[in-house]
Every structure is written in structure tokens, then in C-alpha cells.
Amino acid sequence: MQKRTSYLLAIITMIFWGTAFPFSKYIIDKSINPIVFLALRMSFALLFCVVYLVATKQIKEWGKMFKRHFWKLFALGLTLYACSYIVQYFGVRYTSAINQTIISNTTTFFVVLLNFILYKRKPTKLFVISMITGFLGVLLIMLNDEMQISASTLKGDLLTLLSFFLWSLYVILNRDITTKEKPLLVTTSVFIWTCALLVPLSFGFGIVEQISTLIFLDWVVIAYLGIICSGIATLFYTIALSNETIPSENLALISFLLPVVGIITSIIVLGEAITWRTILGSMIVLASVFIIESKDEHKEELTSMANQ
């Protein structure tokens, strides 16, 4: 797969995930427990993957792959993917949305650090510059005059930091399997383990009672979050991760698009006001994202010319 295609899939993923912020807020604000919400969302995601596997006659192939990587998939789905979301949504109860959004961008730093620790992979100077630039753009978007570091938000901030550390570890370890197996099979397996944890757990948090309070629009939003934002988007991101020619930290850098898309979607869906910092910060983030791609493509062209 070409690098440009992998980057495009990663960008599409971030667009979907970015829209999930305001829609998730819509559901959680209806006093739905985070465990119940995640159980419903992941169930829709799993349903999409299973239907696709059945339609494309890949069930047997998936079963063989699932046996080959049973414990790795267990770790990815049950202890990393699921837990990162659980910790994140419980963490937001003890901190501000602004703090959590900013902390979410530590994913890039964690990926770089873990890649260095686990694989001795040093980031390039260009990547470091782009990472810092993108993070500054995110800060410009999210900071406001009233935001202060407070002891009252410390618990939530630490939980959020833990959740995105788990997600970063998921991103890195996911590549060990996706570079060898079909991304759809890996994604389906991760969702199976995630649902295996969340669905039974949700009954202890009143899923039956809370489902009865949901209206049709609520189900549409949850289905969108599950099928599009979790199912299709995660599949796209897994495909992007399977490209061995692209460092995982480069893909993590694209996560800077998340707050940009989230803000734009919030303006459209929730009617929030746009500021000059939003516009300027978005431009900085977008520039940092595409610097890496253009540089990689340039290197690829030079290598190709040298081999001719």
C-alpha cells in the first residue's frame, strides 16, 4: 500500500473520531453511564465487523488468525483498547473537557517514547519539529484566559494521562499483528475482547434501565459512533498501521487533527462560537500534519530515482 493511501486513511479516521467528541457528549449528558455507553457503542462496532466478515466469507480465516494471536489480541482488546476508553470517560468526570483534550495529544509523545524504549527507534529532527509545532497549535486552540492548573482536577488529569498512555501502547503493539494479518480480522478480534469485558460489566451499571430511556435519535447517534467512528474508523486506522514503511509516531502525529475536527463539529452541531485562535491553531495543526507526509514522499522519490 502506498504511503499516501495510508496517510489518507489515518486522516479520515481522525475526522470520524473528531466528530465523536460532540456526539459522545450528547449521549453522556443524558446521564448515561460511561460503561453502558461504551458497551452499546462497541456492540454496534462489533456487529458491523461480523456482518462484513460473513458477507465476504472470511469467518474461517478470522478463526485461524484468532487462534494464532489469542493472547496478543486478548491484551490489545481487553486490557488496552477497552481499558483506555473506560479510564478516559471516567476521568472526564474529575477534570475539565479542555484539560482532557490537551492531555489527549500526549499520545504522540508516548508513542515516540515507547518506540524508543521498545524498539530503540529515534525520532527524526523533522518529526520532533512537526510534533512541537502541532502541539503548540493544539494549545492555541484549547487554551483560554480562565484555564488554570488546579488540585481539584489532578485526579481526572492523571486518569486521562493513563488512558492515553494505554492507547499509545495499543497503537504500537497493534502493529506487531497488523503487519502480518489482515487489519479487518485484527479489528474484529479487538472488538470481541472489548465487548467481552464491557457488555457483562454494563449490567452492573444498569444497562437495562438506561436503555429504556433512550429515544430514536439517541440510538442513531450511538449507531453512528459504533459503526462509523469505532467500526469503520478503527478499521481504516488499523489498515494505516499495517504499512511498515510509515513509523507509528508519524500516524500518531495526525491525531493533532482530532481537536480541530472536534471544534469544527461542535460549531456545526452544538452552535459554539469560533475565535481567531481556532482558525490560526487549525492552520498550524494542519501544516504540522502534512510536513511529514511531503517529506516522506520526497525521500521516496529520491530513492526511486537513485534505483533507476
Side-chain angles (χ1 to χ4, degrees), residues 1-10 12-14 16-17 35 38-86 107 111 114-115 118-119 121 166-203 223 225-252 254:
M1 181 185 297
Q2 294 182 352
K3 289 183 179 181
R4 188 177 299 277
T5 301
S6 295
Y7 279 119
L8 178 61
L9 289 176
I12 293 174
T13 297
M14 296 307 151
F16 284 146
W17 283 349
I35 297 292
L38 286 171
L40 294 173
R41 176 176 174 175
M42 292 301 110
S43 294
F44 273 106
L46 177 59
L47 178 62
F48 160 78
C49 291
V50 171
V51 170
Y52 188 86
L53 284 178
V54 172
T56 55
K57 300 179 180 180
Q58 300 183 67
I59 289 294
K60 290 184 178 180
E61 184 180 0
W62 165 80
K64 294 178 180 178
M65 186 281 304
F66 189 73
K67 291 180 180 179
R68 284 196 298 270
H69 304 285
F70 185 86
W71 290 112
K72 286 185 178 180
L73 293 169
F74 174 89
L76 286 174
L78 200 65
T79 63
L80 292 179
Y81 191 91
C83 290
S84 66
Y85 272 101
I86 292 173
T107 298
V111 168
L114 289 170
N115 266 329
L118 297 176
Y119 304 111
R121 184 184 301 160
L166 293 173
W167 176 255
S168 301
L169 194 56
Y170 167 80
V171 169
I172 292 176
L173 297 181
N174 184 290
R175 294 188 62 134
D176 290 339
I177 302 178
T178 54
T179 54
K180 304 171 185 176
E181 307 288 354
K182 289 184 179 180
L184 175 63
L185 306 184
V186 177
T187 301
T188 303
S189 302
V190 169
F191 286 155
I192 286 176
W193 281 120
T194 301
C195 288
L197 172 66
L198 293 176
V199 173
L201 192 61
S202 66
F203 283 92
L225 290 170
I227 297 173
I228 303 297
C229 297
S230 292
I232 295 178
T234 302
L235 174 60
F236 282 179
Y237 196 64
T238 304
I239 294 173
L241 285 173
S242 68
N243 192 329
E244 295 180 283
T245 64
I246 300 178
S248 55
E249 58 264 31
N250 284 20
L251 293 176
I254 298 178

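The distance from atom CG of Leu8 to atom CD1 of Ile12, rounded to the nearest 0.5 Å, is 4.0 Å. Of the inter-residue distances, the one linking Phe236 atom CZ with Ile228 atom CD1 reads 8.5 Å to the nearest 0.5 angstrom. Between atom OG of residue Ser189 and atom NE2 of residue His69 there is a gap of 9.0 Å, rounded to the nearest 0.5 Å. Here SG of Cys83 is found 6.0 Å from CG of Leu197. Values are rounded to the nearest 0.5 Å. Remark: Phe44 CZ to Leu225 CG distance equals 10.0 Å, nearest 0.5 Å. Note: Met65 CE to Leu185 CG = 4.5 Å, rounded to the nearest 0.5 Å.
Counted within 6.0 Å of OH on Tyr52, heavy atoms from surrounding residues, nucleotides or ligands total 12 or fewer; the atom is thus considered open.
Taking every heavy atom of both residues into account, Asn115 and Ile172 meet most closely at N-CD1, 3.8 Å. The minimum heavy-atom distance between Ala45 and Gly231, with the atom names listed, is CB-N, 3.8 Å. Considering all non-hydrogen atoms of both residues, Thr188 and Leu46 come closest at O-CD1, 3.9 Å. Summarising the geometry of Phe16 relative to Cys229, their closest heavy-atom pair is O-SG, 3.3 Å, with the distance given to 0.1 Å. Between Cys195 and Pro200, the shortest heavy-atom distance links the atoms O-CD, 3.5 Å.
Looking at heavy atoms from C-beta onward, Leu78 lies out of side-chain contact with Thr194 at the 4.5 angstrom threshold. The shortest side-chain heavy-atom distance between Gln58 and Lys182 falls under the 4.5 Å cut-off. In this structure, the side chains of Leu198 and Ile86 come closer than 4.5 Å at one or more pairs of heavy atoms.
Using cut-offs of 30° and 60° for the angle between ring planes, the Trp193 and Phe74 rings count as perpendicular.
Separation of the Tyr81 and Tyr85 ring centroids falls under the 6.0 Å cut-off.
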